[in-house]
Amino acid sequence: MRVKTGYTRRRRHKKVLRGTRGYYGDKSRRWRRAHEAWMRSGAFAYAHRKDKKGDFRRLWIARINAATRPFGLSYSRFMCGLSRAGVNLNRKILADLAVREPEAIAELARVAKEALG
C-alpha cells in the first residue's frame, strides 16, 4: 500500500518555517536552509541552557568572594567555615545576601571564622 506524505510533510514544514520566522535570508524562507538553521539553533539553545547554570554559579562565587575579602576570608575558607559551623545556605542565597544585606555577610563571616578556629 502506498503512503502519501502530503499532509504530514506540510504540517512539519510549516512548524519549522514558523520557528525560523525572522531569520536572515533563505533561513526563514526555504525549507532546507530553514530546517538546518532550526536544528542548529535548537542545539545551541539546549547547550546554552546548560551553560547558564555554570555562568550563574561563577557569578555567585565572585560575589561571595568579593563580600568576604574585607573580613580576611577567601571564598573557599568562608565556605569551609560555614560548612564546619553547620550553616546550610546555598551560593545563590549567599550571593543575594552579599548584595542586599552586607551586615548578614559580616555575621556569617564571624561564624565561619569561629568554626575555622
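This structure is a prediction, so every number in the text was calculated from the model and none was measured. Below, all heavy atoms of this structure are taken into account, side chains as well, without hydrogens, waters or symmetry copies. FYI, the numbering just counts along the sequence from 1.
Looking only at distances, a side-chain donor or acceptor of T68 sits under 3.5 Å from a matching main-chain atom of N65. In this structure, the side chain of S74 engages the main chain of R77 through a donor-acceptor pair within 3.5 Å.
Note that CZ of R9 is 15.5 Å distant from NZ of K14, once rounded to the nearest 0.5 Å. Atom CZ of R29 sits about 10.0 Å away from atom OG1 of T20, to the nearest 0.5 Å. Residue S28 holds its OG atom at 14.5 Å from CZ of R18, rounded to the nearest 0.5 Å. In this structure, CG in L94 is found 5.5 Å from CZ in F78, a value given to the nearest 0.5 Å.
Hydrophobic clustering keeps L97 apart from V99 (ILVMFWY residues linked when any side-chain heavy atoms are closer than 4.5 Å, directly or through intermediates). Linking ILVMFWY side-chain heavy atoms closer than 4.5 Å, directly or via other members, places L116 and V111 in a single hydrophobic cluster.
Taking a 4.5 Å side-chain heavy-atom cut-off between Ile, Leu, Val, Met, Phe, Trp and Tyr, the cluster of M39 extends to V16, W31, W38. The hydrophobic cluster around Y7 extends to none of the other residues, as no ILVMFWY side-chain heavy atom falls under 4.5 Å of it.
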Throw together a table of side-chain donor-acceptor distances under 3.5 angstrom for residues 80-92, partners on residues two or more places apart or in other chains.
{"from": "N90", "atom 1": "OD1", "to": "K92", "atom 2": "N", "distance (Å)": "3.3"}
{"from": "N90", "atom 1": "OD1", "to": "I93", "atom 2": "N", "distance (Å)": "2.9"}
{"from": "R91", "atom 1": "NE", "to": "Y75", "atom 2": "OH", "distance (Å)": "2.7"}

Under 3.5 Å, which donor-acceptor pairs do the side chains of residues 52-63 form with other protein atoms, sequence neighbours left out?
{"from": "K53", "atom 1": "NZ", "to": "R49", "atom 2": "O", "distance (Å)": "3.0"}
{"from": "D55", "atom 1": "OD1", "to": "R58", "atom 2": "NH2", "distance (Å)": "2.7"}

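Applying the side-chain hydrogen bond (donor to acceptor under 3.5 Å, both in side chains) rule to pairs touching residues 100-117 yields D96-R100, E107-R110, R110-E114, sequence neighbours excluded.
Shown here are the ring-ring contact (aromatic ring centres under 6.0 Å, His included) partners of F44, two or more places apart in sequence or in another chain: H48.
Within the 4.5 Å cutoff, no side-chain heavy atoms of T5 are placed close to those of R12.
Of the listed residues (R40, R32, R33), just one forms a side chain to side chain donor-acceptor pair (under 3.5 Å) with E36, and that residue is R33.
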